[in-house]
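Okay, so here's the structure we're looking at.
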Amino acid sequence: MTKPAVEVRPLVRQKARSLGALGEQWLAELPRRISDVERRWSVDVDVGRPLPGGTSSYVARARTRDGRDAVLKLSLPSTDFASQVRTLSLAKGQGYVRLLAYDVERHAMLQEALGPSMDRLGLAPRAQIETLCAMLRRAWQAPRAAGLTADPAQEKARALGEMVGRLWESLGRPCSERVVNQALTFAGRRAAEFDPDRCVVVHGDPHPGNALRVTAPRAGAGAGFVFVDPDGFLADPAYDLGVVLRDWCGELRGRDGAAARGLVRSYCALLADRTGVDQRAIWEWGFLERVSTGLYVLDFGAEELGRPFLDTAELLV
Ligand SMILES: Nc1ncnc2c1ncn2[C@@H]1O[C@H](COP(=O)(O)OP(=O)(O)O)[C@@H](O)[C@H]1O
Ligand SMILES: [Mg+2]
């Protein structure tokens, strides 16, 4: 039987193309890379039906030759794949997906097969936020790798501030000056309050699309979900909660500023209540994340995905 052609999701293709020659090469080599790992890891990959939800990787279901389900992930060269592998290896399935095999050089990993992501289950936002908090409390206990240090010069708020300033100009100022100034003020404040003693190994992008239901109850998945796709750097736990707060653009659509602020404040209070983390820090990270994500996504050409983050930032400023 001949195999179907390798299908790449449009957003992943777009992200790859935005990387220039390196991304084009990744796209061109993808079918061969898949056959390589199929051979080396003795799996058959369902190449014609990649899984939805991401932008930076080709992800598809696979089956081991001895009949077990797995998932293959092949990431774009732009991702910090080594950090991802390191974080998942050290977590050993506690709050995170289990790693079955990996090859850092080829940006390839074989993972435990999980169910649908949290954003596809029709759960109310508050229920999603509560579950994400329970998952994060577990994930933040992941051991830190030897050599992973919290260097103020590499700290996230500063990096995001620099990116916001740069992209706002290079993209032709796609949101108001008020929004950008607020994001930069918050970046400065978060950087100034950076405290290495408060740092944990954060997930780095714990949005509901990276929270996947386990197919059966298991240790380390008490919330019924585990995270995939960790960045795994050292930061204030409030950073991860800011990422959770940055979403919900659909909920904010059609509201005026006061109503939007009220709703996001109530989500922020819930995040603080469920984790014991400072509410102001979460708010500031959340706004900075909203603006930086909007600009970052516009920069790789996904206008439809990026615009809502900037539009909702206008409501909250
Ligand atoms: N282990 C897995 N089991 C089932 N689905 C998965 C698994 N890993 C990823 N997926 C699906 O693929 C999507 C993208 O995966 P992710 O690791 O987040 O890649 P990206 O780097 O592109 O964000 C997820 O949103 C999820 O729908
Ligand atoms: Mg993802």
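When a residue number appears, it is its place in the shown sequence, counting from 1. Both ligands and their constituent atoms are indexed starting at 1 by order of listing.
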Under a 4.0 angstrom heavy-atom cut-off, which atoms of ligand 1 come close to [X]?
X    : value
K73  : 16 (P), 17 (O), 19 (O), 21 (O)
L51  : 5 (N), 6 (C), 11 (C), 12 (O)
G54  : 13 (C), 14 (C), 20 (P), 22 (O), 23 (O)
Q111 : 1 (N), 2 (C), 7 (C), 8 (N)
G53  : 25 (O)

| request: Evaluate whether atom CZ of F300 has more than 12 neighbouring non-hydrogen atoms of other residues, nucleotides or ligands under 6.0 angstrom away. | output: yes

| message | More than 12 heavy atoms of other residues, nucleotides or ligands under 6.0 Å from CD of E304: yes or no? | response | no

| said: Using a strict threshold of under 4.0 Å (side-chain N to carboxylate O), is an ion pair present between D36 and R33? | reply: no

| request: Return a yes/no value for S75: is any of its N or O atoms, backbone included, closer than 3.5 angstrom to an N or O of ligand 1? | output: no

| task | Indicate whether the side chain of D151 and that of T149 have a donor and an acceptor atom separated by less than 3.5 Å. | result | no

What protein heavy atom sits nearest [atom], and how far off is it?
atom                    : value
atom 26 (C) of ligand 1 : P52 O, 3.7 Å
atom 22 (O) of ligand 1 : S56 N, 2.9 Å
atom 21 (O) of ligand 1 : S57 OG, 2.9 Å
atom 23 (O) of ligand 1 : D229 OD2, 2.7 Å
atom 9 (C) of ligand 1  : V59 CG1, 3.6 Å
atom 6 (C) of ligand 1  : L212 CD2, 3.2 Å
atom 3 (N) of ligand 1  : L114 N, 2.9 Å
atom 25 (O) of ligand 1 : G209 O, 2.9 Å

| task | For this output row, return yes or no: ring centroids of F309 and Y296 closer than 6.0 angstrom. | result | no

| task | Check T55 against ligand 1 and report side chain, backbone, both or neither, counting heavy atoms closer than 4.0 Å. | result | backbone

| Under the ring pair (Phe, Tyr, Trp, His ring centres under 6.0 Å) criterion, do Y239 and F194 qualify, and how do the steps go? | CA-CA 11 Å; Y239 174 69; F194 178 70; over 10 Å; no

| Who gets closest to atom 18 (O) of ligand 1 by heavy atom: V97, L99, L110, N210? | N210

| said: For Y96 and H203, take the angle between the two ring planes, folded into 0 to 90°, and tell me which bin it lands in: parallel under 30, tilted 30 to 60, perpendicular over 60. | reply: parallel

| query | Would you call the rings of H107 and F81 parallel, tilted or perpendicular if under 30° counts as parallel and over 60° as perpendicular? | reply | parallel

| query | Picking from R61, R65, R63, what satisfies salt bridge (Lys or Arg N to Asp or Glu O under 4.0 Å) with D44? | reply | R65

| remark: Of all N, O or S atoms in D229, the one closest to the Mg ion (ligand 2) is OD2

| query | Counting backbone and side-chain atoms alike, does T55 have an N/O/S atom under 2.8 Å from the Mg ion (ligand 2)? | reply | no

| message | Does E193 form a salt bridge (Lys or Arg N to Asp or Glu O under 4.0 Å) with R190? I'd like the steps, not just the answer. | response | CA-CA 5 Å; E193 288 187 21; R190 288 300 100 223; 3.2 Å; yes

| said: Quick check: closest heavy atoms across W41 and L72, and the distance to 0.1 Å? | reply: CZ3-CD1, 4.0 Å

